[in-house]
Amino acid sequence: MHVQEVGIAYAPLLASMHTQCFNTGAQWDQTAITALLSSPGVYAGIVIMEGHPAGFIMLRSVVDEAEILTVCILPEYRKRGLAQRLLAWCAQVAQHKGAQTLFLEVSINNQSARTLYEKQGFKKLGLRKKYYEDGSDALVLGRACQAASP
């Protein structure tokens with residue numbers, strides 16, 4: 001398993017993967033992903049397992065902060081440590097770009113993601129009320145930007 005950085009040419013694949021990982025209303029289409037990848041400071045890494053794309057992560061790094069925009073692992077590849085590998089790659093890229101802190105938002109209803117982030121050292125920094133399409137709140141989590149353990 002390895003992570004490789006990808007660009008705009010991968011937008012159709014990333015959009016397809018995002019659709020498989022998120023509910024309607026939370027899915028990003030090719031246009032949205034292309035727009036993000038065209039923005040300054042936005043990076044995407046795709047994890048390859050057994051020769052196949054299994055998931056990806058996107059981050060935005062600005063000055064001394066980085067934000068994880070999305071993480072998705074295809075359902076058939078979950079529970080294999082791929083998300084931890086993507087988070088480690090993300091932290092490494094962010095740190096290389098000069099970020100000191102890594103942030104993200106996660107639905108209060110997404111217990112598996114919350115557990116993952118807690119194990120990776122993320123702490124609650126705030127709450128965004130009714131942040132998601134379904135009306136659920138988002139926890140704002142953050143941690144220092146040193147590389148996470150894969």
Side-chain angles (χ1 to χ4, degrees), residues 1-22 26-49 52-75 77-128 131-133 136-150:
M1 127 180 51
H2 70 280
V3 179
Q4 70 182 54
E5 187 171 339
V6 296
I8 293 172
Y10 281 77
L13 174 62
L14 301 182
S16 171
M17 293 170 73
H18 207 271
T19 299
Q20 295 175 63
C21 294
F22 290 93
Q27 299 167 347
W28 293 356
D29 63 13
Q30 182 177 339
T31 302
I33 289 177
T34 299
L36 281 168
L37 289 173
S38 300
S39 301
V42 175
Y43 307 92
I46 193 166
V47 64
I48 307 296
M49 182 157 196
H52 301 282
F56 76 96
I57 193 166
M58 288 181 74
L59 75 142
R60 178 184 295 125
S61 183
V62 179
V63 190
D64 65 345
E65 296 181 349
E67 177 186 12
I68 296 173
L69 302 173
T70 193
V71 179
C72 64
I73 303 296
L74 293 175
Y77 291 104
R78 292 181 182 159
K79 305 291 183 198
R80 298 187 191 185
L82 301 181
Q84 292 93 324
R85 181 65 60 100
L86 286 170
L87 288 169
W89 178 87
C90 181
Q92 183 178 29
V93 169
Q95 191 173 33
H96 179 73
K97 300 298 179 184
Q100 302 288 319
T101 310
L102 195 54
F103 295 98
L104 61 87
E105 284 119 0
V106 62
S107 172
I108 60 168
N109 298 328
N110 190 342
Q111 191 57 54
S112 61
R114 290 174 58 189
T115 300
L116 166 71
Y117 298 137
E118 183 179 303
K119 287 180 181 176
Q120 295 294 308
F122 285 89
K123 305 287 184 212
K124 180 181 174 184
L125 301 176
L127 183 72
R128 297 187 196 277
Y131 183 77
Y132 292 104
E133 282 282 324
S136 65
D137 298 340
L139 290 170
V140 179
L141 306 178
R143 59 162 252 205
C145 204
Q146 77 276 3
S149 54

Please tabulate, for side-chain N and O atoms in residues 2-10, each donor-acceptor pair with protein atoms closer than 3.5 Å (sequence neighbours left out).
none

Q. If every non-hydrogen atom of A32 is compared with every non-hydrogen atom of W28, which pair is closest and at what distance?
A. CB-CB, 4.3 Å

Q: Supply the atom-to-atom distance T115 OG1 to N110 CG, rounded to the nearest 0.5 angstrom.
A: 9.0 Å

Q | Atom pair OG1 (T101) and CG (L125), whose distance is rounded to the nearest 0.5 Å | A | 9.0 Å

Q) When rounded to the nearest 0.5 angstrom, what is the spacing between CD1 in I57 and CG in L14? A) 12.0 Å

Q) Hey, are the side chains of F56 and L13 touching, using non-hydrogen atoms and a 4.5 Å cut-off? A) no

**Q.** Contacts of R114 that satisfy salt bridge (Lys or Arg N to Asp or Glu O under 4.0 Å) - sequence neighbours left out
**A.** none

Side-chain atoms of residues 65-72: list all donor-acceptor pairs with protein atoms under 3.5 Å, sequence neighbours left out, distances to 0.1 Å.
unit_1	atom_1	unit_2	atom_2	d
T70	OG1	H18	NE2	2.9

(Q) As an exercise, state the distance from CD of Q120 to CG of L141, rounded to the nearest 0.5 Å. (A) 12.0 Å

Q. Partners of R128 by salt bridge (Lys or Arg N to Asp or Glu O under 4.0 Å), sequence neighbours excluded?
A. E105

Q) Side chains of L37 and M58: closer than 4.5 Å at any heavy-atom pair? A) yes

(Q) So, using salt bridge (Lys or Arg N to Asp or Glu O under 4.0 Å) as the criterion, who are the partners of D29 when residues are at least two apart? (A) none

Q) Which atom pair, heavy atoms only, marks the closest approach of P53 to Y77? A) O-CE1, 4.1 Å

Q) Taking side chain as C-beta onward, heavy atoms only, is L36 less than 4.5 Å from R60? A) yes

Q. M17 and A54: which non-hydrogen atoms are nearest, and at how many Å?
A. CE-C, 3.6 Å

Q: Would you sort out whether C145 and K97 count as a side chain to side chain contact (heavy atoms under 4.5 Å, CB included), showing the intermediate values?
A: CA-CA 11 Å; C145 204; K97 300 298 179 184; over 6 Å; no

Q: Report the distance from atom CD1 of I108 to atom NZ of K124, rounding to the nearest 0.5 Å.
A: 9.0 Å

Q) Is atom CD of E133 surrounded by more than 12 heavy atoms (other residues, nucleotides or ligands) closer than 6.0 Å? A) no

Q: For H52 and L74, run side chain to side chain contact (heavy atoms under 4.5 Å, CB included): C-alpha distance rounded to whole Å, both residues' side-chain angles, the deciding distance at 0.1 Å, then the answer.
A: CA-CA 11 Å; H52 301 282; L74 293 175; over 6 Å; no

Q: Might you work through the side chain to side chain contact (heavy atoms under 4.5 Å, CB included) test for V140 and L127, ending with a clear yes or no?
A: CA-CA 6 Å; V140 179; L127 183 72; over 6 Å; no

Q. Are F122 and L116 close enough that some pair of their side-chain heavy atoms sits under 4.5 Å apart?
A. no

Q) Mind checking what makes side-chain contact (heavy atoms from CB on, under 4.5 Å) contact with A15, not counting sequence neighbours? A) Q30, I33

Q: Locate the shortest heavy-atom distance separating L102 from A94; write the atom from each residue and the value.
A: CD1-CB, 4.3 Å

Q) What's the spacing between I46 CD1 and W89 CH2 if we round to 0.5 Å? A) 10.5 Å

Q) So, for A138 and Y132, which heavy atoms are closest and what is the spacing to 0.1 Å? A) CB-CE1, 3.4 Å

